[in-house]
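Reading through the structure tokens given below for one structure.
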Amino acid sequence: MTKTESPSPPSAAEASESGSHFIREIIENDLRNDTCGGRVATRFPPEPNGYLHIGHAKAICLNFGLAEDFGGACNLRFDDTNPETEDVEYVESIKEDVRWLGFDWGDREYYASDYFDKLYALAERLIQAGHAYVDSQDEAAIRATRGTVTEPGQESPFRNRSPEENLDLFRRMKRGEYADGEHVLRARGDMASPNMKMRDPLLYRIRHARHYRSGDAWRIYPMYDFAHPLSDALEGVTHSLCTLEFDNNRELYDWLVDRCAEAPRPRQYEFARLNLDYTVMSKRKLRRLVEEKHVTGWNDPRMPTLAGLRRRGVPPEAIRAFCAEIGVAKADNRIGPDLLDYAIRNDLNFKAPRVLCVLRPLKVTLVNYPPDREEELDAPFWPHDVPREGSRKVPFGRELYIDRNDFREDPPKNYYRLAPGREVRLRHACVIRCEEVVRNAAGEAVELRCAYDPETRGGKAPAGRKVRGVIHWVSARRAIPVEARLYDRLFRAADPERGEEDWADALNPDSLIALQNALVEPSVAGDPAAQRYQFEREGYFWRDPEDSTPERMVFNRIAPLRDTWAKIEGRAKGAGRETTDGAEAIRKVPGNKSSSSASPTLAERIENLSGRERAHFSVNVESGVSSDMAIGLAQKPEAHDYFHEALADYAPAPDDAARANALANWILNELPWDKIAREKGDLPLSPKALSALVKLVDEDIISARTGKDVLAEMLATGKSAEAIVHEKGWKQMTDPEALRAAIDEALAAFPDKAAACRSGKKGLVGFFMGQVMQRTGGAAKPELVRKMLEEQLAV
RNA sequence: UGCCCUGUAGCUCAAUUGGCAGAGCACCUGACUCUGGAUCAGGGGGUUCCAGGUUCGAAUCCUGGCAGGGCAGCCA
């Protein structure tokens, strides 16, 4: 028999684990352009002050996955720069979790605390270069002078100390001559920067505290913003991936790397962290759940920690598949628990042998079965559609147990399990009919007296006999009593962190249901502790690694099975079983996407112009451009000047409104102002050169589309429009004969699409436009092509 | 109210960089079945946040708005 788990399910193993996303694209680009030293080095940088959770798994899969995909390596680096919160306990748990997920950091296990000497030396260099200073203001003063998000800060009175004095003070800080908080080392940034992170950020603080690794060697400790980028540089990391909230820190990251590291330098990229519905993910909140005993510990099976998921029985492969499934992007996201369940089931379906376990027993006596008789039925471990072999013997006798849920006194419509007078099949056994219900004083069913049909044993069904329901069961005499723990979402609200009312109030009181009287078939008795099963029709289970003993087995439900009956029934009752009440509503609130607030009218926009802009606006209107564009030009002084220079050059008809508009269009819409501003550069194109280009378009020498290509070429090479058009032979094609040929060619190449288009799929005209433009190297006159295409395709 | 990031199907993401708006999950229907599981086949779902503009053609470019998130720890 093959009961052991196979390494990977066929479906999940194929897909590239880290998917395709913007970071992968960046890396591919860097490799192509050789901007990262021809290699890829990443790192996973946890702070050892808490347990890893499934959100970290996303980061781990990303960093290790990318490194592996590109033949690079991923370091495990502990970002341990805060002695007051960190501990080896966490280091150990983190290492265990990463290993468990299946990643190997080889000998690249690093600690920021191991870099303290090097970091200190870099700090001294920064001081000597005048880039950092010792500030002796107290904490409150520093906070008060930092300004706010809308107001600039003020410079510290200590900001202009000499490098010598700074160095002396810093060294004395290091020697421990000062108390906590007396001085700090700050970067000389810009107290007026719109980015708060650049307002002379703190680099070092005094902390008379014992560090779990460096002991009492240091009295000063670097801040994250200092240690992190420089640790990356020290390790030769090329791509430093972190979550979105560090976006603002990137400017500082670059500032430090620019001053302290050589090429190839690391670069930081940010992605959105994972948010899971019905749970919390921040370390502080998780810690609170533990400390207030809402859960039994960091590894409580309900926790989203990797330790919790592991204890629940979730296979690491399922978590990796889940991470691949959710992707990597920059948009905030919330993921429903169904996706994780899906990943777990998908994995376990191929790994977990099926056995029978009755969760809520209800006695069944087979009245026509001999009291002393007992037999062993052969039952395969795997369903027909899982290509694995193996079976076990299941004891069968006169007295059995079935699940209470599989019997209804008063069955609803479409219920096809057991009910008075009804038949079901016992899985792997035979068909029984419920003849009599025995009740206790309260009127509850305590036993069903049933008749079994010997003709139906071993899966045989006498001709014409159709029994829809199949239920699971165990032998009363031979089944093993066990505890089964059913886990559900920890919170009732989809996003418990949202809203100010105490999130602990949203806890789900039924997140753990411990069934003390469950009964499992005896075949599981000798199995290894890590064996996972599917309890048929119930879900995936394994032994709780903490509480299960051979004498008293305790099973955790890893994930339930999909339950379409529950869905049908829930629908019939109107309300679902669970927590959909307020949860769905809460989920929807933030979305409120459509907002149809009107944008300002033209008049209002003109009204809002400053005096100077208004003057420009008038000039523009006079030169013939539309009000809309006149405003646009007026609001962008560079563009305004550029326009008028170009227009002057575009004579001989300066009063020609069409020409002025064309020019304004090009200047406003096509010139890369954004990029110019970003790179603080000049436009590498004279107004005269542009007006020459516009002239070519106006005179129909080239199409507008080609014009854009020409513009790109001009910006790249600095050549004139005429030269480029001449060189590339980009003159516009207007000859109907030639166009006809290109169109026919395109239509012939995609006959099915042409047919689809003729029969009404209008969108395909665009497709054929693209084809023709491609075939003519972009030279065809588009208006003409479209007209001809539309005629030909009769749309 | 300053700066930054982000808005594509119910959810998570694509869309070869301006040329047919797609996939997985979820949902619905059917088939199969000794698991109401799995599998298979099919289906519904879209104002690509909004409004303008450029273009033969815009999810993609431009302008203006709206919404959500982040930033004012001597945390990371």
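Letters A, B, ... are given to chains in the order of the sequence lines, protein chains preceding strands, and every chain is numbered from 1. These numbers come from a predicted model, not from an experiment.
Salt-bridge formation is detected for the pair A/D347/A/K351: a Lys NZ or Arg NE/NH1/NH2 atom is positioned less than 4.0 Å from an Asp or Glu carboxylate oxygen. The pair A/R219-A/D180 fails the salt-bridge criterion, with no side-chain N (NZ, NE, NH1 or NH2) lying under 4.0 Å from an Asp/Glu carboxylate O. With salt bridges taken as basic N to acidic carboxylate O contacts below 4.0 Å, one links A/R334 and A/D495. A salt bridge links A/E84 with A/R207: at least one charged nitrogen is closer than 4.0 Å to a carboxylate oxygen. Using a cutoff of 4.0 Å between basic side-chain nitrogens and carboxylate oxygens, A/D406 and A/R537 are scored as salt-bridged. A salt bridge does not link A/R557 to A/E538: none of the charged nitrogens lies less than 4.0 Å from a carboxylate oxygen.
Atom pair A/E670:CD and B/A58:P shows a separation of 14 Å (rounding to whole Å applied). The interatomic distance linking A/I471 (CD1) with B/G37 (P) rounds to 16 Å, in whole Å. When rounded to the nearest whole Å, the span between NE2 of A/H472 and C1' of B/G37 equals 12 Å. Rounded to whole Å, the distance from CZ on A/R557 to P on B/G37 is 16 Å.
Remark: the separation of the P atoms in B/A23 and B/G46 is 15 Å, to the nearest Å.
Of the candidate nucleotides B/G7, B/A58, B/G36, B/A58 has the atom lying nearest to any side-chain atom of A/K708. Considering only side-chain atoms of A/R354, the nucleotide from B/C56, B/U54, B/G37 that sits closest is B/G37. Side-chain proximity of A/N669 to B/G19, B/G69, B/G53: nearest is B/G53. Considering only side-chain atoms of A/T150, the nucleotide from B/G2, B/U33, B/C56 that sits closest is B/G2.
In this structure, the side chains of A/V358 and A/I402 stay at 4.5 Å or more apart for every pair of heavy atoms.
Pair check for B/C3 finds B/G70; Watson-Crick or G-U wobble, both atom distances under 3.5 Å. Within the shown strands, B/G22 is the pairing partner of B/C13 under the Watson-Crick or G-U definition, both distances less than 3.5 Å. Under the Watson-Crick and G-U wobble criteria, each requiring two contacts below 3.5 Å, nucleotide B/U35 is left unpaired. With a 3.5 Å ceiling on both atom-pair distances, B/U55 lacks any Watson-Crick or G-U wobble partner.
A cation-pi arrangement is found for A/R468 relative to A/Y416, the charged atom lying closer than 6.0 Å to the ring centre and inside a 45° cone about the ring normal.
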A correct 5'-to-3' footprint of nucleotides 70-76 of chain B, with B, S and - meaning base, sugar-phosphate only and no protein heavy atom under 4.0 Å, is BBBSBSB
Mark up nucleotides 23-29 of chain B, 5' to 3', with B wherever a protein heavy atom is under 4.0 angstrom from a base atom, S wherever such an atom reaches only the sugar-phosphate, and - elsewhere.
-SSSSS-
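Using a 4.0 Å heavy-atom cutoff across all strands shown, A/L764 reaches at least one base atom of the nucleic acid. Base engagement by A/Y416 is indicated by at least one non-hydrogen atom pair under 4.0 Å involving a base atom. If you check every strand for non-hydrogen atoms under 4.0 Å, A/F750 touches nothing. Residue contacts shown for A/Q774 are absent, as no nucleic acid heavy atom lies under 4.0 Å away.
A/F541 pairs by the ring pair (Phe, Tyr, Trp, His ring centres under 6.0 Å) definition with A/F535, not counting sequence neighbours. Listed by chain and number, the residues in a side chain to side chain contact (heavy atoms under 4.5 Å, CB included) with A/A187 are A/P201, A/L203, A/W255 (sequence neighbours excluded). The side chain to side chain contact (heavy atoms under 4.5 Å, CB included) check on A/E182 picks up A/Y178, A/A179, with sequence neighbours excluded.
Base orientation of B/U12: anti, the glycosidic angle falling outside 90° of 0.
A donor-acceptor contact closer than 3.5 angstrom is absent between the side chains of A/S240 and A/Q268.
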Polar pairs (N or O, both sides) under 3.5 Å between protein and nucleotides 40-44 of chain B?
none

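Along RNA chain B, the nucleotide closest to A/Q635 and the one closest to A/M629 are compared, and the more 5′ of them pairs with A/M629. Residue A/R427 is the one, among A/R427 and A/D332, whose nearest nucleotide of RNA chain B lies closer to the 5' end (criterion: closest heavy atom).
Side chain of A/R205 to backbone of A/G181: no donor-acceptor contact under 3.5 angstrom is found.
For A/N333, no side-chain nitrogen or oxygen approaches OP1 or OP2 of B/C11 to under 4.0 Å. Phosphate contact (OP1/OP2 of B/G37, side-chain N/O of A/T564, threshold under 4.0 Å): present.
For A/R705 against B/U55, a side-chain-to-base donor-acceptor contact under 3.5 Å is absent.
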